[in-house]
Amino acid sequence: MRILRRFLTPGWVIGVLAAILFAWVCFAFLAPWQLAKSDDLDARNARLVESVEAEPAPLDEVVRGPQDYAEREWRLATLDGRWEPDSEALLRLRSVDGELVYHVLTVFDPVDGPDLLVNRGYIRVGENNAVPDYPAAPDGEIGITARVRVTEPGQAEPVELDGRPTVRVVDPAVIGDTLGHDLRPAGYLQLTGDQPGSLTPAPIPGIENGPHLSYGLQWLAFGVLAPAALIYFAWAEIRARRRDDDAGLADRTADAGDAASGGGPDGDAGYAGSGVDGGDGPAPRSGVGVSAADDEARADDEVSARERAMRARYGDRDAAEQRRAFRRADRLRS
């Protein structure tokens, strides 16, 4: 209980709460956040590898439901139909190799099924954010090969620019309402190069590991080290205080032993001299013949010697109180 009371101080309480809170944040939020990003990156890498190895297939075989746009993103798909050149929007606030670009989003009307939004590629931004001239999509029925893409999160926020609607993210539902078409809402297509109507192809991401896994492991390590460091400091504090207590007890025992053996401040020799109080009287006998009165006298003398040693070491309490009273009176008079 005495050790526990020593740690019930504001500094230690705040330290314990801070360590617990930090460890909880590491295990509950920071580490899972980074590990989840690492899992997402691994899944994207797997989809990229699959898209490179798999042969192009008809869109209806690659995408059988809305969830397939996310699960099979970047897969190559083929589609027959015709472009809608008058139904076009621009994707703004994008860059390629450090240059600002506009991505051209055009509606594609397939032979079977609802309309699709297709990213035909990008064009560089002109002066003062102007939209430069670019080739229009060809007329007539054609076949295209494009990559499956999932709808981007966020708000599209259509804004008119040079007579064309522009958006910040690719959301086919919002863009379809703006262009007057009922588009597939779950995803869109990104055109590859050398296709009818293609511009400069939009780049695809490379396969990378990223730092997210190491960051997640670091947060887990921090969550373990915080309470471990607190336990270490508490153990070091307990050891230091025990050493101080043992040292103080040893000093008091040594002082009491010196006083009892005759080394008191009044020069009393105790029982080492010729008398009990260091006088000329006869020394008490030791052994079987020592009476109970002699034992009591020796015990009283030891107590008295110990008290004198304590007064010599720490001073007289009454004298200290008198000195404090005199100092207060001097301050009042001044």
Side-chain angles (χ1 to χ4, degrees), residues 1-41 209-268 270-272 298-332 334:
M1 290 300 293
R2 184 179 63 181
I3 296 177
L4 181 61
R5 284 195 299 270
R6 289 178 176 178
F7 289 101
L8 293 179
T9 58
W12 275 104
V13 172
I14 293 174
V16 170
L17 293 178
I20 293 175
L21 178 62
F22 179 74
W24 177 72
V25 170
C26 288
F27 287 118
F29 294 100
L30 298 177
W33 167 52
Q34 290 294 333
L35 294 177
K37 294 183 71 173
S38 177
D39 293 339
D40 293 340
L41 186 60
N209 294 326
H212 305 297
L213 178 59
S214 61
Y215 287 165
L217 296 178
Q218 286 177 7
W219 284 121
L220 290 176
F222 291 155
V224 173
L225 289 176
L230 183 67
I231 294 173
Y232 171 77
F233 287 128
W235 174 72
E237 179 73 11
I238 293 174
R239 289 189 60 189
R241 295 194 178 189
R242 282 181 175 175
R243 284 197 301 267
D244 293 342
D245 293 343
D246 293 341
L249 180 60
D251 291 342
R252 290 192 295 271
T253 303
D255 292 340
D258 292 341
S261 62
D266 295 333
D268 295 335
Y271 293 103
R298 185 161 52 241
D300 292 341
D301 187 62
E302 290 177 356
V303 172
S304 139
R306 191 177 301 112
E307 291 178 352
R308 288 195 298 271
M310 294 297 289
R311 283 197 301 271
R313 183 177 180 86
Y314 300 106
D316 194 343
R317 181 175 180 181
D318 294 337
E321 292 290 341
Q322 291 176 2
R323 287 194 296 271
R324 283 195 292 270
F326 288 149
R327 284 197 294 268
R328 286 197 296 269
D330 291 339
R331 284 197 298 269
L332 291 176
S334 60

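- Annotation: side chain of Leu230 is in contact with side chain of Trp12 (closest heavy-atom distance under 4.5 Å).
- By the 4.5 Å heavy-atom criterion applied to side chains, Trp33 and His212 are not counted as neighbours.
- The CG atom of Leu220 lies 10.0 Å from the CG atom of Leu30; values are rounded to the nearest 0.5 Å.
- Leu213 and Ser38 make their closest contact through CB-OG, 3.6 Å (heavy atoms, listed as atom of the first residue, atom of the second, distance).
- Around the CZ atom of Phe27, the shell of radius 6.0 Å holds more than 12 heavy atoms that belong to other residues, nucleotides or ligands.
- Tested against Val16, the residues Ile20, Ile14, Val13 include a single side chain to side chain contact (heavy atoms under 4.5 Å, CB included) partner, Ile20.
- In terms of heavy-atom proximity, Ala23 sits nearest to Pro227 at CB-CD, 4.2 Å.
- Taken from CD in Gln218 to SG in Cys26, the straight-line distance is 11.0 Å, to the nearest 0.5 Å.
- Note: Trp219 and Phe222 have perpendicular aromatic rings, judged against thresholds of 30 and 60 degrees for the angle between ring planes.
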